[in-house]
Amino acid sequence: MAQTVGDFLIERLHAWGVRLIFGYPGDGINGVFGALNRASHKIRFVQARHEEMAAFMACAYSKFTGELGVCIATSGPGASHLVTGLYDARLDHVPVLAITGQQSRNALGGHYQQEIDLVSLLKDVAGAFVQQASSPSQVRHLVDRAIRIALGERRVTAIVLPNDLQELSYQEPPRLHGSVHSGVGFSIPKVVPYEADLMRAAAVLNRGRKVALLVGAGALGATDEVIAVADRLGAGAAKALLGKAVLPDDLPWVTGSIGLLGTEPSDLLMSECDTLLMVGSGFPYSEFLPREGQARGVQIDIAPDMLSLRYPMEVNLVGDAGETLRALLPLLETNPDTSWRERISRSVTKWWSTLERRAMQPANPINPQRVTWELSPRLPERVILTSDSGSCANWYARDLKIRRGMMASLSGGLASMGAAVPYAIAAKFAHPDCPVIALVGDGAMQMNNMAELITASKYWQSWPDPRFIVCVFNNQDLNQVTWEQRVMEGDPKFNASQDIPYVPYHRFAELIGLRGILVDRADEVGPAWDDALSCDRPVVLDVQTDPEVPPLPPHITFKQARHFARAIMKGDPHGRSVIRGTARQLLNRLLPGRRKHGDT
Ligand SMILES: Cc1ncc(C[n+]2csc(CCOP(=O)(O)OP(=O)(O)O)c2C)c(N)n1
Ligand SMILES: [Mg+2]
């Protein structure tokens with residue numbers, strides 16, 4: 001049988017190093033699935049329950065491997081389902097290629113079944129490169145360009161293939177005017193600033209007496225360099241959400257997360273520093289950075305468009321984080337004054353005990369912070385952590401003490417619900433020998449993560465290390481937003497939008513061949529983690545958590561406190577328990593060790 005366009009596509013993807021594709025089939029893309037089948041030894045296909053989940057998986061696969069993520073869907077509804085997952089990759093600067101089917105070329109423009117103008121639909125999310133193929137010889141350069149642009153620019157790209165075209169015989173581009181003759185291959189370049197710019201940066205940093213680092217996903221893989229630079233400068237370091245795994249939390253000068261989900265030491269670090277060095281981060285909330293004029297700034301980012309975006313920097317360096325920091329290090333002088341670092345470290349030590357006290361406060365029935373607090377010392381080596389968007393992202397960001405060799409990610413820029421389980425599944429395909437733990441709210445479970453448990457049940461027996469734990473924060477509430485309604489808007493909880501039905505997730509797990517563990521007493525949390533971590537199959541840990549424990553921001557503004565009071569006065573349906581839960585958490589700030597920044 002002659003090589004079809006579908007066959008050629010698979011062969012070309014393989015030549016580019018693609019070994020795994022996440023997706024869902026349909027008649028608009030059957031010509032490619034037939035080819036995948038014929039070449040099954042070359043590229044593995046992973047079947048998600050929903051195309052959006054396949055796109056999340058492709059994004060997470062790339063995050064956890066550094067390689068291109070690839071997802072595939074049929075025309076019409078399959079392609080439109082991909083979109084949110086693709087935006088997740090787009091907003092986190094992750095290279096993902098989407099391949100979609102399309103109606104046959106004769107039907108296009110005919111208001112045909114499942115016909116969507118996919119190039120227009122995908123134009124924003126895959127704006128770096130989105131093309132619909134119209135002839136067999138065109139497909140070669142479409143693949144080559146889509147992949148090279150995705151990898152080179154860390155963008156989402158898309159190829160739309162009409163279904164009749166997939167079945168045609170492939171033809172190499174003829175040597176004619178109007179033909180394109182492309183090739184395979186791309187290596188990530190070493191990008192380092194010029195010496196003169198490094199010296200300008202060093203001049204700023206060497207003058208700093210209170211240097212703050214902020215590291216993000218761009219600094220993953222540059223742990224040694226970040227530590228060396230921070231040590232030289234006597235700096236403290238905060239971590240943006242996507243940069244959680246850049247620095248281990250057992251270093252005394254690492255202040256942890258920043259922003260609404262951040263810590264008090266990060267707040268102190270930023271509000272009192274005189275110099276800010278930002279590495280590989282697009283952390284969005286400027287109000288958590290130094291005030292303009294307070295600190296001199298240096299930023300390193302591989303993407304020019306991310307420079308001087310959140311804080312006006314004095315020196316803007318385009319470069320790879322590790323390479324640039326390594327080149328910078330010899331130009332940096334040792335800061336003889338250790339008092340700043342000591343101050344930060346004292347604040348960090350106190351903060352960890354505040355977190356412990358908060359986590360151990362009684363709640364009804366279980367304090368959600370205790371779930372992550374108890375997990376920290378139990379985290380197995382090389383674990384990969386994922387979190388959904390919801391209140392658990394607070395506990396993931398603040399309470400989980402990450403160590404070297406671990407990975408962690410979530411839907412950062414898009415902050416989409418529904419990503420934790422598909423991320424965890426992709427982590428398993430990326431590193432089948434690593435244990436994986438996903439933290440998920442019950443709303444996010446119901447949205448789509450529950451369905452993806454079925455994907456885990458389909459594949460887990462092929463994973464050499466079966467440890468795959470989905471921890472559900474079962475609070476029957478869309479809790480993060482409930483608190484936002486109270487604290488940001490000053491509105492009481494709106495039961496109609498916030499309450500969600502009770503589901504026994506542990507029983508669902510058992511129903512599909514996984515292990516389910518129900519946890520409804522605080523003293524069972526630790527043993528339940530032990531149990532789950534030693535299980536011979538994927539586990540759903542169904543923890544009954546208290547929705548009235550507030551995910552407090554590190555610094556409560558007067559306006560937020562006023563809003564909160566107004567929400568309660570307006571008749572919040574859970575007013576009394578909300579006040580009790582909040583008081584317990586807030587009192588912890590006043591108990592031993594809690595002072596104003598100036599006193600720490
Ligand atoms: C796709 C999507 N829809 C809505 C939101 C807004 N949102 C953010 S967190 C949240 C509540 C999550 O509830 P749940 O999963 O139960 O976690 P909880 O906060 O209760 O722990 C919502 C609705 C979002 N981020 N993503
Ligand atoms: Mg919930």
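Everything numeric in this text was worked out from a predicted model, so none of it was measured. Indexing begins at 1, ligand by ligand and atom by atom, following the structure's order. In what follows, every heavy atom counts, from backbone to side chain, and hydrogens, waters and symmetry copies are set aside.
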Proximity to ligand 1 by part of Thr545, non-hydrogen separation under 4.0 Å:
neither
Parallel, tilted or perpendicular: rings of Phe283 and Tyr285 (30°, 60°):
perpendicular
Nearest non-hydrogen contact with atom 3 (N) of ligand 1 belongs to which option: Glu484, Met417, Gln476?
Met417
Considering only protein heavy atoms, which is closest to atom 21 (O) of ligand 1, and at what distance to one decimal place?
Ser391 OG, 2.5 Å
Restricting to N/O/S atoms, is Asn475 within less than 2.8 Å of the Mg ion (ligand 2) or not?
yes
Check Arg403 with Glu381, please: is the shortest side-chain N to carboxylate O separation under 4.0 Å?
yes
Trp352 six-ring centre to Lys401 NZ/CZ under 6.0 Å and within 45° of normal:
yes
Electrostatic pair Asp491:Arg566 at N-O distance under 4.0 angstrom
no
Under 30°, 30 to 60°, or over 60°: which ring-plane class applies to Tyr423 and Phe64, parallel, tilted or perpendicular?
perpendicular
Quick one: look up the protein heavy atom nearest atom 15 (O) of ligand 1 and list residue, atom name and how far away it is.
Ala444 N, 2.8 Å
Between CG on residue Leu478 and CD on residue Gln446, distance to nearest 0.5 Å
8.0 Å
Considering only non-hydrogen protein atoms, determine which one is nearest to atom 10 (C) of ligand 1 and report residue, atom name and distance to 0.1 Å.
Val481 CG2, 3.5 Å
Polar side chain donor-acceptor pair, Gln498 to Thr482, under 3.5 angstrom:
yes
In Asp442, what N, O or S atom is nearest to the Mg ion (ligand 2), if we give its atom name?
OD1
Looking at atom 14 (P) of ligand 1, what's its closest protein heavy atom, distance included?
Gly443 N, 3.4 Å
Does the side chain of Val371 reach to within under 4.5 Å of the side chain of Ile366, using non-hydrogen atoms?
yes
Check ligand 1 against Asn475 and write out every atom of the ligand that is under 4.0 Å from a heavy-atom position of the residue.
18 (P), 20 (O), 21 (O)
For the Mg ion (ligand 2), give me the closest N/O/S atom belonging to Asp477, just the atom name.
O
Could you establish whether Asp388 and ligand 1 come within less than 4.0 Å of each other, counting only heavy atoms on the residue side?
no
In the protein, what heavy atom is nearest to atom 17 (O) of ligand 1, and what distance, to one decimal place, separates them?
Gly441 CA, 3.5 Å
Strictly by modelled atom types, are Thr255 and Ser266 linked by a side-chain donor-acceptor pair under 3.5 Å?
yes
Would you say Ser416 contacts ligand 1, with heavy atoms under 4.0 Å as the rule?
yes
May I ask you to decide whether Asp572 forms a salt bridge with Arg486, counting only side-chain N to carboxylate O separations under 4.0 Å?
yes
With a 4.0 Å heavy-atom cut-off (strictly under), which part of Asp477 contacts ligand 1: side chain, backbone, both or neither?
backbone
Shortest protein contact, atom 25 (N) of ligand 1 (heavy atom only):
Ala415 O, 2.9 Å
